[in-house]
Amino acid sequence: MYGRSTAAQAAAMALSGVRVLELAGLAPAPLCGMILADFGAQVVRVDRPSRSAAALAHGDVQARGKRSLALDLKQPQGAAVLRRLCGAADVLIEPFRHGVMERLGLGPEVLLQENPRLIYARLTGFGQTGKYAKSAGHDINYLALSGVLSKLGRKNENPYAPVNLLADFAGGGVMCALGIVIALFERARSGRGQVIDASMVEGVAYLSSFLWKSQNLGLWSQPRGENLLDSGAPFYEIYRTSDGKFVAVGAIEPKFYNQLIKGLGLNLDELPSQMSFSHWPEMKKKFASVFAQKTQAEWCSVFDSTDACVTPVLSFEDAASHQHNKERNSFIKNDEEEISPRPAPVLSRTPAVPSCKRDPFIGEHTEEILLEYGFTKQEIDKLYSDKAIELKDLKANL
Ligand SMILES: C[C@H](CCC[C@@H](C)[C@H]1CC[C@H]2[C@@H]3[C@H](O)C[C@@H]4C[C@H](O)CC[C@]4(C)[C@H]3C[C@H](O)[C@]12C)C(=O)SCCNC(=O)CCNC(=O)[C@H](O)C(C)(C)COP(=O)(O)OP(=O)(O)OC[C@H]1O[C@@H](n2cnc3c(N)ncnc32)[C@H](O)[C@@H]1OP(=O)(O)O
């Protein structure tokens with residue numbers, strides 16, 4: 001576990017040389033920037049100066065591999081700095097509601113006119129147009145509007161939002177990163193940037209294409225929580241074990257189902273057929289009573305070397321130390337001993353090399369970034385005295 005890579009590998013990462021400006025936002029944009037940084041992009045997070053309450057309340061925990069520049073965009077000099085930075089950047093990630101950037105004089109027309117190669121990624125909940133474009137919202141709202149939330153949940157219960165994983169991160173952060181990489185790929189051919197309208201409603205809806213396009217297969221013909229893959233089936237369910245832990249069962253195909261039945265010590269010939277929907281509730285009760293007779297570890301020793309599709313439901317701590325995950329170095333540790341998932345997927349020649357350094361403090365790299373982007377020391381001093389930028393301030397994050 002926790003393998004480290006060399007500087008040469010870091011320099012050879014797939015996105016090395018790509019300059020990204022990420023305007024600080026809540027959960028999805030930081031993930032998007034972190035993915036790009038993990039795969040080698042030079043990501044600068046543009047923070048509000050830490051004097052403001054909004055900056056203090058930020059608490060970004062997805063800043064791995066990024067540097068921080070504290071810039072007051074509400075000041076004309078601050079907005080001018082961002083325009084100049086965008087002139088030399090490849091990607092801008094913008095996490096505000098539609099209209100915010102336009103009010104600051106930093107809309108796509110302005111920035112793309114100055115740098116036609118710029119990829120301007122607008123990561124929002126509802127997108128740039130439509131009735132809700134200017135409304136506030138969070139993951140749960142986007143998930144609801146996509147139609148997906150209506151499918152999630154147990155029988156006879158209200159719909160259930162699985163933390164903020166689906167809209168914020170999968171449909172938002174990851175989908176936006178995909179859009180950026182696609183646009184970078186296209187730019188290599190055309191030499192031109194473009195605007196990405198990454199709506200989390202649409203991102204999560206797109207992720208759910210299988211659900212939409214499989215409706216005619218009868219997979220979703222029952223009410224929520226009574227179908228094959230939404231906890232209706234006894235062989236696609238989570239069961240409690242005798243030590244209060246859980247196992248996940250996903251024995252869909254008959255050959256795997258047979259192994260499940262064998263491992264549970266049941267006799268296939270004495271059970272209703274696997275796909276007899278009307279027997280599913282009764283079968284769930286039977287499976288639950290059998291699983292309750294052994295501990296999680298005991299069930300693992302029954303099923304680990306079979307194809308019954310039974311796995312332990314692991315805590316974060318147990319996941320990081322599980323033999324399989326350790327064998328693949330699936331979790332990494334940074335200089336502060338924090339454990340987190342290794343970037344995925346693994347590229348054979350140019351894998352991600354996540355930074356081991358602690359996250360940046362707000363404004364920690366303001367000066368070095370501005371110098372790197374061609375600002376003179378005098379210009380930086382002037383911006384500082386005008387309070388348009390903030391320099392390293394370790395107190396801000398203590
Ligand atoms: C479910 C998730 C949300 C999870 C959030 C949690 C991760 C965090 C929420 C609370 C945090 C904790 C709390 O703060 C207490 C602790 C604080 C401590 O420091 C750290 C630990 C904490 C426990 C802390 C921990 C965590 O951080 C929390 C638990 C989501 O769904 S996230 C997805 C949200 N949606 C979007 O991102 C879609 C697009 N964005 C929007 O729709 C809006 O931005 C949004 C999210 C609705 C917010 O609206 P808001 O009115 O606030 O902003 P905007 O309209 O976009 O306008 C931005 C304004 O800010 C100005 N501005 C921006 N940058 C600068 C700058 N550099 N300088 C100056 N000004 C700037 C900009 O000009 C806009 O101003 P105007 O409104 O005047 O135009």
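Excluded from the calculations below are hydrogen atoms, water molecules and symmetry mates; all remaining heavy atoms, backbone and side chain alike, are included. Both ligands and their constituent atoms are indexed starting at 1 by order of listing. All values reported here derive from a predicted model rather than from experimental measurement.
Across the listed options N164, L23, D168, L69, D168 owns the non-hydrogen atom lying nearest to atom 32 (S) of ligand 1. Closest heavy-atom approach to atom 72 (C) of ligand 1 among the candidates L82, V100, D60: V100.
Listed by number with element, the atoms of ligand 1 under 4.0 angstrom from any heavy atom of Y142 are 34 (C), 35 (N), 36 (C), 38 (C). Of all atoms in ligand 1, listed by their number and element, those nearer than 4.0 Å to a heavy atom of D47 are 67 (N). Every atom of ligand 1 with a heavy atom of D72 under 4.0 Å away is listed here by number and element: 68 (N), 69 (C). Within ligand 1, the atoms closer than 4.0 Å to a non-hydrogen atom of R103 are 76 (P), 77 (O), 79 (O), numbered from 1 in the order shown.
Contacts between I140 and ligand 1 below 4.0 angstrom, taking non-hydrogen atoms only, are absent altogether. Under 4.0 Å from ligand 1, heavy atoms of A136 appear from its side chain as well as its backbone. In P28, the part holding a heavy atom less than 4.0 Å from any atom of ligand 1 is the side chain. The parts of D139 lying near ligand 1 are both backbone and side chain, judged by heavy-atom distances below 4.0 Å.
Within the 6.0 Å centre-distance limit, the rings of F235 and W280 are counted as a close aromatic pair.
Of all heavy-atom pairs between S340 and R64, the closest is OG-NH1, 3.1 Å.
Hydrophobic clustering of Ile, Leu, Val, Met, Phe, Trp and Tyr side chains at less than 4.5 Å, counting indirect connections, keeps V61 apart from V44.
Residue contact annotation: G137 has a non-hydrogen atom under 4.0 Å from ligand 1. For the ligand labelled ligand 1, residue L71 lies inside the 4.0 Å heavy-atom shell. Taking a 4.0 Å cut-off on heavy atoms, Q75 fails to register as neighbouring ligand 1.
Salt bridge status for R45 with E364: absent, with no side-chain N to carboxylate O gap under 4.0 Å.
A donor and an acceptor atom, one from each side chain of E327 and Q323, are located under 3.5 Å apart.
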